[in-house]
There are 2 protein chains.
Amino acid sequence: MKKNCNFIEKLREVGLRPTKQRVKMCEVLYNRVKTFHFTINDLVKMLSEEMNQKISLATVYNTVHAFEKKGYLKEISIDSHRSYFDTNTSVHHHFFDEDTNELIDCDESDIDKINIRKNIIGKKINSVEVLVRVASDNQNQK
Amino acid sequence: MKKNCNFIEKLREVGLRPTKQRVKMCEVLYNRVKTFHFTINDLVKMLSEEMNQKISLATVYNTVHAFEKKGYLKEISIDSHRSYFDTNTSVHHHFFDEDTNELIDCDESDIDKINIRKNIIGKKINSVEVLVRVASDNQNQK
DNA sequence: CAACAGTTTAGAATTATTATAATGTAGATT
DNA sequence: AATCTACATTATAATAATTCTAAACTGTTG
Ligand SMILES: [Mn+2]
Ligand SMILES: [Mn+2]
Ligand SMILES: [Zn+2]
Ligand SMILES: [Zn+2]
């Protein structure tokens with residue numbers, strides 16, 4: 001159990017009241033070594049498992065969207081049926097394993113810098129992200 | 001009004017019965033010079049406008065998914081609230097205009113070939129696609 | 001310790017999508 | 001051309017995901 005004061009501070013900084021529920025969600029999401037990807041469903045499970053106090057579904061949605069808007073979470077959409085949130089909010093690329101439905105972060109060295117030749121007048125580029133879909137290589141089956 | 005025989009043939013080729021509804025949807029989707037992007041909602045509107053014969057909503061969904069499975073359509077998901085289908089089924093990159101919610105195709109020359117250094121053991125790469133999010137450049141507002 | 005604005009909550013409402021089951025139809029068989 | 005059959009379409013119901021509502025609650029300010 002680490003200090004939640006950090007979360008209380010972080011929440012205050014972006015103008016979110018550090019309520020019990022929000023702090024709890026911060027703990028579940030950010031009190032860990034590595035960032036990770038999850039669906040709303042995953043999160044609801046995590047919360048109900050790792051918790052004494054339950055959080056209503058509406059609050060989970062509200063809070064996730066509040067975090068998203070404030071830049072604490074980032075949405076990664078694979079297709080209309082599979083949408084993930086990412087506690088790694090930096091602009092970064094992903095592998096998506098179509099066998100396991102698992103999202104995997106790339107780091108800087110995994111994909112060379114993307115060079116974009118086209119520019120759209122009056123528009124600036126907000127982000128450039130690559131999705132690499134992979135699946136089991138069954139060429140070695142005779 | 002061009003020849004629908006093409007569509008009837010195309011449908012047969014992938015094992016889809018060329019029913020009235022499917023042929024009609026082919027017309028609406030493919031009887032044009034350029035490929036385009038649409039939501040289910042867009043498509044339902046297009047069908048009900050450009051048509052004498054109505055198609056039930058369930059059939060629109062079924063047919064879109066049948067086309068998707070057979071490689072006549074491709075899904076492009078921007079976020080959980082915005083999912084598009086693309087009549088351009090090749091692997092290609094997109095710009096997404098966050099002001100207008102418009103998807104724009106890239107062609108080969110717009111983005112340099114993506115170089116991927118990481119490889120995941122036992123997995124092959126199925127596709128590599130880039131999404132470039134753009135928005136109005138308001139730096140020139142004092 | 002008020003007072004208030006913002007938050008949570010359960011449950012209802014809405015929306016998007018899929019399932020159901022009756023009816024229709026394309027294409028094959030006589 | 002009539003019949004057959006598997007597949008497709010349809011209206012509608014059912015489901016699932018998300019958002020809304022309005023009452024109760026809580027963090028913050030003074
Ligand atoms: Mn969202
Ligand atoms: Mn789909
Ligand atoms: Zn990620
Ligand atoms: Zn496209």
Side-chain angles (χ1 to χ4, degrees), chain A residues 4-28 38-48 51-70 72-73 75-85 101, chain B residues 4-28 38-48 51-70 72-73 75-85 101:
Chain A
N4 301 340
C5 330
N6 293 345
F7 296 133
I8 294 178
E9 264 323 298
K10 264 188 76 170
L11 288 167
R12 264 199 240 279
E13 271 164 28
V14 296
L16 290 175
R17 274 194 190 168
T19 58
K20 268 198 293 296
Q21 291 80 355
R22 283 177 178 158
V23 172
K24 202 68 189 166
M25 283 181 63
C26 281
E27 281 180 56
V28 170
F38 63 91
T39 63
I40 292 276
N41 233 318
D42 295 337
L43 179 56
V44 169
K45 256 183 226 120
M46 291 169 69
L47 285 167
S48 72
M51 263 189 20
N52 22 13
Q53 184 220 342
K54 99 173 265 291
I55 302 183
S56 98
L57 187 57
T59 300
V60 175
Y61 275 100
N62 287 341
T63 307
V64 164
H65 285 133
F67 283 5
E68 187 188 4
K69 191 178 302 175
K70 296 302 188 175
Y72 285 6
L73 286 176
E75 191 177 11
I76 311 286
S77 187
I78 297 300
D79 63 39
S80 56
H81 313 293
R82 275 176 299 230
S83 182
Y84 295 83
F85 289 91
N101 274 6
Chain B
N4 301 340
C5 330
N6 293 344
F7 296 132
I8 293 177
E9 265 323 297
K10 263 189 74 169
L11 288 168
R12 263 197 241 279
E13 272 163 28
V14 295
L16 291 175
R17 274 193 188 169
T19 60
K20 268 198 293 296
Q21 291 80 357
R22 283 176 180 162
V23 172
K24 202 68 188 169
M25 284 182 62
C26 281
E27 282 180 55
V28 169
F38 62 92
T39 64
I40 292 277
N41 233 318
D42 295 338
L43 179 57
V44 168
K45 256 184 223 119
M46 292 170 69
L47 286 167
S48 72
M51 266 191 17
N52 22 12
Q53 183 219 344
K54 99 172 265 293
I55 302 183
S56 98
L57 186 59
T59 300
V60 175
Y61 275 101
N62 287 341
T63 307
V64 163
H65 284 133
F67 283 7
E68 187 188 5
K69 191 177 303 175
K70 295 302 187 176
Y72 285 5
L73 286 176
E75 191 176 11
I76 310 286
S77 187
I78 297 300
D79 62 38
S80 57
H81 314 292
R82 276 176 298 229
S83 182
Y84 296 83
F85 289 91
N101 274 5

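Below, chains carry the letters A, B, ... as their sequence lines are ordered, and counting in each starts from 1.
- Distance Lys24(B) NZ to dT9(D) P: 15 Å, rounded to the nearest Å.
- Computed from coordinates, the Lys69(A) NZ to dT19(D) P distance equals 11 Å when rounded to whole Å.
- Nucleotide dG27(D) holds its C1' atom 14 Å from the CD atom of Glu9(A), rounded to whole Å.
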Checklist entry - Could you write nucleotides 4-11 of chain C as a row of B, S and -, 5' to 3', where a protein heavy atom under 4.0 Å of any base atom gives B, of only sugar-phosphate atoms gives S, and otherwise -? => result -BBSSBB-
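- Between the side chains of Thr59(A) and Asn62(A), no donor-acceptor pair of N or O atoms lies under 3.5 Å.
- In this structure, the CG atom of Asp79(A) is 14 Å from the C1' atom of dT17(C), given to the nearest Å.
- The side chain of Arg12(A) places an N or O atom within less than 4.0 Å of a non-bridging phosphate oxygen (OP1 or OP2) of dT28(D).
- With respect to the salt-bridge test (charged N to carboxylate O, under 4.0 angstrom), the residues Lys10(B) and Glu13(B) do not qualify.
- Taking the side chain as every heavy atom from C-beta outward, Met25(B) and Val64(B) approach each other to under 4.5 Å.
- Listed pair His65(A) / dT19(D) meets the phosphate criterion, a side-chain N or O lying under 4.0 Å from OP1 or OP2.
- Rounded to whole angstrom, the span from the CD1 atom of Ile40(B) across to the C1' atom of dA17(D) amounts to 17 Å.
- Tyr72(B) meets the ring pair (Phe, Tyr, Trp, His ring centres under 6.0 Å) test with Phe67(B); sequence neighbours excluded.
- Straight-line distance from the CE atom of Met25(B) to the P atom of dA8(D): 14 Å, rounded to whole Å.
- End-to-end axis angle for the helix from dC1(C)-dG30(D) to dT30(C)-dA1(D), using five pairs per end and rounding to 10°, comes out at 30°.
- No side-chain donor-acceptor contact under 3.5 Å links Glu75(A) to the backbone of Ser83(A).
- Without hydrogens or angle criteria, Arg22(A) side chain to Arg17(A) main chain gives a donor-acceptor distance under 3.5 Å.
- For the atom pair CD1 of Ile40(B) and CG of Leu57(B), the computed distance is 8.0 Å after rounding to the nearest 0.5 Å.
- OP1 or OP2 of dT18(D) lies within a sub-4.0 Å distance of a side-chain N or O belonging to Tyr61(A).
- Contact annotation: His81(A) does not reach the phosphate of dA16(C) (side-chain N/O to OP1 or OP2, under 4.0 Å).
- Although no hydrogens or angles enter the test, the distance criterion places a donor-acceptor pair under 3.5 Å between the side chain of Ser48(B) and the main chain of Lys45(B).
- Arg82(B) places its CZ atom 18 Å from the C1' atom of dA17(D), with the value rounded to the nearest Å.
- Atom CG of Leu47(B) and atom C1' of dT10(D) are 15 Å apart (whole Å).
- In this structure, Val44(A) and Leu47(A) have side chains that are not in contact, with every pair of non-hydrogen atoms separated by 4.5 Å or more.
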